[in-house]
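Because the structure is predicted, anything quoted here is derived from the model rather than measured. Note: hydrogens, waters and symmetry copies are ignored here, and every other heavy atom, side chains too, is used.
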Amino acid sequence: MVGLKPSDVPPTTAVKFLGAGTAACFADLLTFPLDTAKVRLQIQGENQAAQAARGVQYRGVVGTILTMVRTEGLRSPYNGLVAGLHRQMSFASIRIGLYDSVKQIYTPKGADHSSIATRILAGCTTGAMAVTCAQPTDVVKIRFQASVALGPGSDRKYSGTMDAYRTIAREEGLRGLWKDNFPCHFVSAFGAGFCATVVASPVDVVKTRYMNSPPGQYRSPLHCMLKMVVHEGPTAFYKGFTPSFLRLGSWNVTMFVTYEQMQRALMKVQMLRESPF
């Protein structure tokens, strides 16, 4: 390795794992208010009586963020950030950081390149692993983003992130932390840009409402979807579309640029540690 630059040395699995998680957290820090705005717009109209009592109406990306800041304080767009960072460290680290290693397992010995089928299989495997591990963090993140803190009328029921994990597990059982949303994340994880937002938005809206719902409100994701259609019409599936699209694009750019730099930096540190001089 002497005489080589960090960019010339293939990053190790540990470097990819740590780099992907750290880069994803950095991307989340920059784009989290867009994600919170998306969640608020997605659940708007679900409980019209409570919303009317609070007198809060969200309009557009900027309008939603400004309304939250005005009525709930400057920190409100970052509600659920801790759980969001938990999610990125588990989800991105596995889905992106372990992808190459899993792909090698599926690649036949002696093969120069991985086939399309092998890459799809590796993507599905790491995607499924990531969803399974990160699911509780996603549930808690959405609960915090959706809850409104307005003094005596607040619907905030968790004192902190760890309290949310414990409360959901105690009141809804461990299954409450793993509410079924694999198709939602599958679509979101393997799409990109505008097309991904168009395809994933209906599933993402259902996912948000289902994860945020108290026990008994919806019998299943399908029941949630049907209630949305009946009470709010098909356009409800595209609530929060703009912040979702903006966040997806900016998150991917930030994440992958940071991921590349993180890999180089970590490999440089590793080479310095291994160098005899």
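- Using modelled atom types, one side-chain atom of S76 and one backbone atom of M68 make a donor-acceptor pair closer than 3.5 Å.
- Looking at S220 and Y210, their side chains never bring a donor and an acceptor atom within 3.5 Å of each other.
- Residues F17 and I94 are in side-chain contact: their nearest non-hydrogen atoms beyond the backbone lie under 4.5 Å apart.
- Under a cutoff of 6.0 Å and an axis angle of 45°, R87 and F91 form a cation-pi pair.
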Would you tabulate the side-chain donor-acceptor contacts of residues 21-35 under 3.5 Å, counting partners in other chains and residues two or more places apart, or write 'none'?
from, atom 1, to, atom 2, distance (Å)
T22, OG1, L18, O, 2.8
D28, OD1, Q88, NE2, 3.4
D28, OD1, R247, NH2, 2.3
D28, OD1, W251, NE1, 3.3
T31, OG1, A27, O, 2.9
D35, OD1, K38, NZ, 3.1
D35, OD2, K141, NZ, 2.7
D35, OD2, Q145, NE2, 3.1

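- Taken together through direct or relayed side-chain contacts under 4.5 Å among Ile, Leu, Val, Met, Phe, Trp and Tyr, I168 and I142 form part of one hydrophobic cluster.
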Inset, instruction - Begin from the C-alpha positions of Q135 and M211 and carry the test side chain to side chain contact (heavy atoms under 4.5 Å, CB included) through to its verdict. - result: CA-CA 10 Å; Q135 183 75 355; M211 282 186 167; 3.6 Å; yes
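- For the pair Q104/D100, no side-chain contact is recorded, criterion being any heavy-atom separation below 4.5 Å from C-beta on.
- Cluster membership for V102 and L121, using ILVMFWY side-chain heavy atoms within less than 4.5 angstrom, is shared.
- Of all non-hydrogen atoms in A83 and V140, the two that sit nearest each other are CB-CG1, 3.8 Å.
- Closest approach of Y99 to A122, counting heavy atoms only: CE1-CB, 3.7 Å.
- The minimum heavy-atom distance linking A92 with A20 is given by the pair O-CB, 3.6 Å.
- Scanning both residues, G97 and K16, for their nearest heavy atoms gives O-CB, 3.4 Å.
- In this structure, a donor-acceptor pair under 3.5 Å is absent between the side chains of T118 and T107.
- Taking every heavy atom of both residues into account, G123 and T126 meet most closely at O-OG1, 3.3 Å.
- Within the model, atoms CD of E172 and OG of S213 stand 7.5 Å from one another, a figure rounded to the nearest 0.5 Å.
- If you take OG1 on T208 and CD on Q42, they are separated by 3.5 Å, rounding to the nearest 0.5 Å.
- When side chains are defined from C-beta on, T137 counts as touching Y165, because their heavy atoms get closer than 4.5 Å.
- You'll find the side chain of F237 stays beyond 4.5 Å of the side chain of V203, heavy atoms only.
- By the 30° and 60° cut-offs, the orientation of the rings of H223 relative to Y218 is perpendicular.
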Inset, instruction - Any chance you could lay out the salt bridge (charged side-chain N to carboxylate O under 4.0 Å, His left out) test for E232 and K239, step after step, and finish with the verdict? - result: CA-CA 11 Å; E232 302 172 59; K239 288 187 173 183; 2.8 Å; yes
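- With Y58 as the partner, the side chain to side chain contact (heavy atoms under 4.5 Å, CB included) test is satisfied by one option alone out of I65, L66, T67: T67.
- With contacts defined as side-chain heavy-atom distances shorter than 4.5 Å, the pair T36/Y78 does not qualify.
- For R209 (side chain) and C224 (main-chain N/O), no donor-acceptor pair under 3.5 Å exists by modelled atom type.
- Looking only at distances, no side-chain donor or acceptor of S93 sits under 3.5 Å from a matching main-chain atom of S90.
- Put simply, the side chain of Y238 reaches to within 4.5 Å of the side chain of P202, judged on heavy atoms.
- Rounding to the nearest 0.5 Å gives a distance of 11.0 Å between CG of L41 and CZ of R59.
- Taking both residues in full, the closest heavy atoms of I43 and A146 are given as CD1-CB, 3.6 Å, listed atom of the first, atom of the second, then distance.
- T161 OG1 to L81 CG: the interatomic distance, rounded to the nearest 0.5 Å, is 8.5 Å.
- M162 contributes atom CE, which lies 11.0 Å from atom OG1 of T167 (distance to the nearest 0.5 angstrom).
- Expressed to the nearest 0.5 Å, how far OG of S147 lies from CZ of R40 amounts to 6.5 Å.
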